Amino acid sequence: MPELPEVECIVRDLRECLTGKLIRRMDFMFFQMLRGVKPDDFRRKICGKIISQVKRRGKYILIFLSGDTVLEIHLRMTGRLLYHSVPFSPGKYTGVIFYLQNEEQLHFEDIRKFGTFTIYEKGEQLRSFFLGPDPVEDEFFSEELFLKILEKRPHSTIKSFLLDQKNIAGLGNIYTDESLFMAGIHPSRKVNNLTTEEKKYLFEAVCQTLKEGICSRGTSFSDYRDLWGNEGEFQKKLKVYRRVGEPCVRCRGTVERKVVAGRGTYICPSCQPL
DNA sequence: AGCTGTACCTGCAGGC
DNA sequence: TGCCTGCAGGTACAGC
């Protein structure tokens with residue numbers, strides 16, 4: 001579900017709502033999200049701690065707690081975090097409730113139960129540390145760096161390159177297809193037969209698409225909701241994603257769907273020639 | 001190196 | 001109405 005823009009919106013709101021607050025206790029409805037830790041141990045490591053910072057790296061949410069503990073959350077396809085200022089009953093898909101100060105609660109919901117929680121103690125290396133640069137978070141992410149990373153993967157198709165979080169952190173299926181459309185590049189093209197000009201267009205397209213996604217508060221075509229349960233707006237601005245059969249906004253040709261890198265992929269064949 | 005298929009889960013839309 | 005199939009925003013892993 002959420003890609004970089006959606007996670008960024010959630011993180012900004014979490015930062016606003018949670019910074020400085022105490023986690024009093026927590027309840028589990030299911031605990032498949034826990035990675036390498038049992039529910040009781042998890043509870044012991046979290047409860048009684050203060051939330052000091054909330055950050056993001058790619059699609060990971062990082063919640064820093066007092067005592068050098070970090071909770072790393074990945075929402076995968078259908079995970080949601082929802083804030084309630086007053087007590088709220090768990091729904092069918094609620095997996096965890098964090099009870100904060102006063103009456104506040106943070107709920108984790110996940111229909112497909114793919115989401116993950118990993119806990120790190122002092123000095124342990126976060127999984128998200130091993131990702132490529134984050135186009136929004138990292139000031140050093142530049143056109144020059146983008147070109148350099150592309151050179152390391154000459155035989156990859158450009159779509160699988162963009163989806164691989166070890167290259168660039170944060171793009172998923174939606175923003176990849178939208179960026180490739182904006183740059184006029186077919187997703188099956190090999191990295192090493194893109195021209196330098198095309199690579200530069202793509203750099204701009206990636207940065208701009210992600211920024212617009214954030215400004216529109218993310219894409220909700222079905223599952224994504226922000227911390228308050230509200231939908232984003234970017235689904236109204238998508239140019240190719242899930243628009244199969246509809247006219248291309250640029251050339252009035254027809255948007256097509258095909259499978260590239262094992263994923264449903266949307267293109268305008270005339271704007272993005274092979 | 002890079003691709004494909006499979007697995008993890010549940011819901012939903014479409015065809016019959 | 002009901003059953004079946006395929007699809008879904010992500011990632012990890014086995015195998016070619």
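In what follows, chains are A, B, ... by sequence order, proteins preceding strands, each numbered from 1. These numbers were taken from a predicted model, which means no experiment stands behind them.
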> For B:dG11, does OP1 or OP2 lie under 4.0 Å from any side-chain N or O of A:Tyr93?
Replying inline: yes
> What is the distance from CG of A:Asp223 to P of C:dG10, rounded to the nearest Å?
Replying inline: 12 Å
>> Is there a side-chain contact between A:Lys92 and the phosphate of B:dG11, meaning an N or O under 4.0 Å from OP1 or OP2?
In response: yes
>> For a quick test of reading the model: is some side-chain N or O of A:Thr78 closer than 4.0 Å to OP1 or OP2 of B:dC9?
In response: no
> Which whole number of Å gives the distance between the C1' atom of B:dA1 and that of C:dG10?
Replying inline: 22 Å
>> If only side-chain N and O atoms count, and only distance matters, is there a donor-acceptor pair under 3.5 Å linking A:Tyr266 with A:Glu246?
In response: no
>> If stacking means aromatic ring centre less than 5.5 angstrom from the base's six-membered ring centre, planes under 30°, is A:Phe114 stacked on B:dC9?
In response: no
> Of all the choices, B:dC3, C:dG10, C:dA8, which nucleotide is nearest to the side chain of A:Lys59 once you look at every atom?
Replying inline: C:dG10
>> B:dC8, OP1 or OP2 - any side-chain N/O from A:Gln32 closer than 4.0 Å?
In response: no
>> With a 4.0 Å cutoff (strictly under), does any side-chain N or O of A:His74 reach OP1 or OP2 of C:dG10?
In response: no
> Checking all strands, does A:Gly115 fall into the base, sugar-phosphate, or nothing category for heavy-atom contacts under 4.0 angstrom?
Replying inline: nothing
>> Taking 4.0 Å as the cut-off, does a side-chain nitrogen or oxygen of A:Lys113 come that near to OP1 or OP2 on B:dT10?
In response: yes
> When you check the side-chain N and O atoms of A:Thr69 and A:Glu121, is any donor under 3.5 Å from an acceptor?
Replying inline: yes
>> Please compare A:Arg112 and A:Lys166 by the position of their nearest nucleotide in DNA chain C and report the one closer to 5'.
In response: A:Arg112
>> For the residue pair A:Arg24 and A:Tyr99, would you count it as a cation-pi contact if the rule is NZ or CZ under 6.0 angstrom from the ring centre and within 45 degrees of the ring axis?
In response: no
>> Using a strict threshold of under 4.0 Å (side-chain N to carboxylate O), is an ion pair present between A:Glu109 and A:Arg80?
In response: yes
> Whom does B:dC9 pair with, Watson-Crick or G-U wobble, provided both distances fall under 3.5 Å?
Replying inline: none
> Quick one: is A:Gln165 getting a side-chain N or O under 4.0 Å of the C:dG10 phosphate, OP1 or OP2?
Replying inline: no
> Just how far, in rounded Å, is P of C:dC13 from CG of A:Asp164?
Replying inline: 13 Å
>> From CZ of A:Arg242 over to C1' of B:dA13, roughly how many Å is that when rounded to an integer?
In response: 10 Å
> Is A:Arg76 near enough to B:dC8 that one of its side-chain N or O atoms lies under 4.0 angstrom from OP1 or OP2?
Replying inline: no
>> Take a 6.0 Å sphere around NZ of A:Lys55 and say whether it holds more than 12 heavy atoms from other residues, nucleotides or ligands.
In response: no
> What is the nucleic acid contact for A:Thr157, judged by heavy atoms within less than 4.0 Å: base, sugar-phosphate only, or nothing?
Replying inline: sugar-phosphate
> Going by an N to O cut-off under 4.0 Å, is there a salt bridge joining A:Arg242 and A:Asp177?
Replying inline: no
> Starting at NZ of A:Lys152 and ending at C1' of B:dA1, how long is that distance when rounded to a whole Å?
Replying inline: 15 Å
>> In whole Å, I'd like the distance from the CZ atom of A:Phe30 to the C1' atom of B:dC9.
In response: 10 Å
>> I need the CG-C1' distance between A:Asp110 and B:dC9, as an integer number of Å.
In response: 9 Å
> A:Arg257 side chain N/O closer than 4.0 Å to the phosphate oxygens (OP1, OP2) of C:dA8?
Replying inline: yes
> Whole-Å distance between B:dA1 C1' and A:Ile158 CD1?
Replying inline: 16 Å
>> For A:Tyr120, I'd like to know if atom OH has over 12 heavy atoms of other residues, nucleotides or ligands within 6.0 Å.
In response: yes
> Rounded to the nearest Å, what distance is computed from the OH atom of residue A:Tyr224 to the P atom of nucleotide C:dG10?
Replying inline: 14 Å
> With sugar-phosphate meaning primed atoms plus P, OP1 and OP2, does A:Arg127 contact a base, only sugar-phosphate, or nothing at under 4.0 Å between heavy atoms?
Replying inline: sugar-phosphate
> What nucleic acid atoms does A:Tyr241 come within less than 4.0 Å of, heavy atoms only: base, sugar-phosphate, or nothing?
Replying inline: sugar-phosphate
>> If I pick the P atom on B:dC8 and the same atom on C:dC3, what distance separates them, to the nearest angstrom?
In response: 24 Å
